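Keep in mind that this is a model prediction, so the values were computed, not measured. Here is how names work: the chains are called A, B, and so on, in the same order as the sequence lines, proteins then strands, and each is numbered from 1.
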Amino acid sequence: MKTFSRKVLDVVKKIPRGEVLSYKEVARLAGNEKASRAVGNILNKNYDPGIPCHRVIRSDGSVGGYNRGKKEKERLLKIENRT
DNA sequence: CGTATGACGTGCA
DNA sequence: GTGCACGCCATAC
């Protein structure tokens, strides 16, 4: 998958613990800042172990969503951000 | 190729 | 601060 999705996953994969990037940021790093929507779409359909997709939130600060429940996402963010 | 979908973003009421 | 509409993009069918 050497496409936009691949880059998105790659970027998200590089997000350090305690750090969170907005879909827009990820999209920009992936090559298209306007593809924020596509980013979420890709993460949603392509959840892979090693991809801390829970570290990707909306630009307005909202957790957005999560395959396993945004509640879990918030928890993970809290834990990683807490330390 | 055209249509439909979606973890988004921004603007406006 | 909240809710709604429009725009933008990648992927699936």
### Query
By a strict heavy-atom criterion of less than 4.0 Å, which residues belonging to residues 20-31 of chain A are in contact with DNA chain C?
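None - not one residue of the stretch has a heavy atom sitting under 4.0 Å from the strand.
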Using the 3.5 Å cut-off, write out each protein N or O paired with an N or O of nucleotides 1-7 of chain C and the distance between them.
unit_1	atom_1	unit_2	atom_2	d
dG7(C)	O6	Arg37(A)	NH1	2.9

Between [atom2] on [N] and [atom1] on [X], what's the gap in Å once rounded to a whole number?
X: Ile42(A); N: dC8(B); atom1: CD1; atom2: C1'; answer: 12 Å
X: Lys45(A); N: dG6(B); atom1: NZ; atom2: C1'; answer: 7 Å
X: Leu43(A); N: dA10(C); atom1: CG; atom2: P; answer: 14 Å
X: Ile57(A); N: dC8(B); atom1: CD1; atom2: C1'; answer: 12 Å
X: Arg58(A); N: dG9(B); atom1: CZ; atom2: P; answer: 5 Å
X: Lys7(A); N: dC9(C); atom1: NZ; atom2: P; answer: 15 Å
X: Glu74(A); N: dA7(B); atom1: CD; atom2: C1'; answer: 13 Å
X: Arg68(A); N: dA7(B); atom1: CZ; atom2: C1'; answer: 14 Å

### Task
Please determine, for the side chain of Lys34(A), which listed nucleotide (dT11(C), dC8(C), dA7(B)) has the closest atom?
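Nearest to the side-chain atoms of Lys34(A), counting from C-beta on, is dC8(C).
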### Query
Among the nucleotides dG6(B), dA7(B), dT11(C), which one has an atom lying closest to any side-chain atom of Asn41(A)?
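When the side chain of Asn41(A) is considered, dG6(B) is the closest of dG6(B), dA7(B), dT11(C).
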### Query
Quick one: the side chain of Asn32(A) and the base of dA10(C), do they pair up donor-acceptor inside 3.5 Å?
no
### Task
Looking at every strand, decide which applies to Ala38(A) at a 4.0 Å heavy-atom threshold: base, sugar-phosphate, or nothing.
base
### Query
For Lys70(A), which contact category applies under a 4.0 Å heavy-atom criterion: base, sugar-phosphate, or nothing?
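Contact class for Lys70(A): none.
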### Message
Whether Glu74(A) and Lys71(A) form a salt bridge (side-chain N of Lys/Arg under 4.0 Å from carboxylate O of Asp/Glu) is what I want to check.
### Response
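No salt bridge links Lys71(A) with Glu74(A).
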### Glu19(A) and Arg55(A) ion-paired at < 4.0 Å
no
### Message
Among Val8(A), Val12(A), Val11(A), exactly one meets side-chain contact (heavy atoms from CB on, under 4.5 Å) together with Leu29(A). Which residue is that?
### Response
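Exactly one candidate clears the test, Val11(A).
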### Message
Check whether Lys7(A) reaches the backbone of Val26(A) with its side chain - one donor and one acceptor, N or O, closer than 3.5 Å.
### Response
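No: the side chain of Lys7(A) does not pair with the backbone of Val26(A).
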### Query
Are the side chain of Lys70(A) and the backbone of Val63(A) linked by a donor-acceptor contact shorter than 3.5 Å?
no
### Message
For a quick test of reading the model: is some side-chain N or O of Ser59(A) closer than 4.0 Å to OP1 or OP2 of dC8(B)?
### Response
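No.
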### Task
Return the set of residues passing salt bridge (Lys or Arg N to Asp or Glu O under 4.0 Å) with Asp60(A) (not counting sequence neighbours), or none when no residue passes.
Arg58(A)
### Task
Sequence neighbours left out, what passes salt bridge (Lys or Arg N to Asp or Glu O under 4.0 Å) with Glu72(A)? Give chain and number order.
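Result, salt bridge (Lys or Arg N to Asp or Glu O under 4.0 Å) vs Glu72(A): Arg75(A).
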### Task
Kindly write out the residues that satisfy side chain to side chain donor-acceptor pair (under 3.5 Å) with Lys24(A), not counting sequence neighbours, or none if the list is empty.
none
Could you go through residues 30-37 of chain A and list every donor-acceptor pair under 3.5 Å that involves a side-chain atom there, pairing it with any protein atom two or more places apart or in another chain?
none

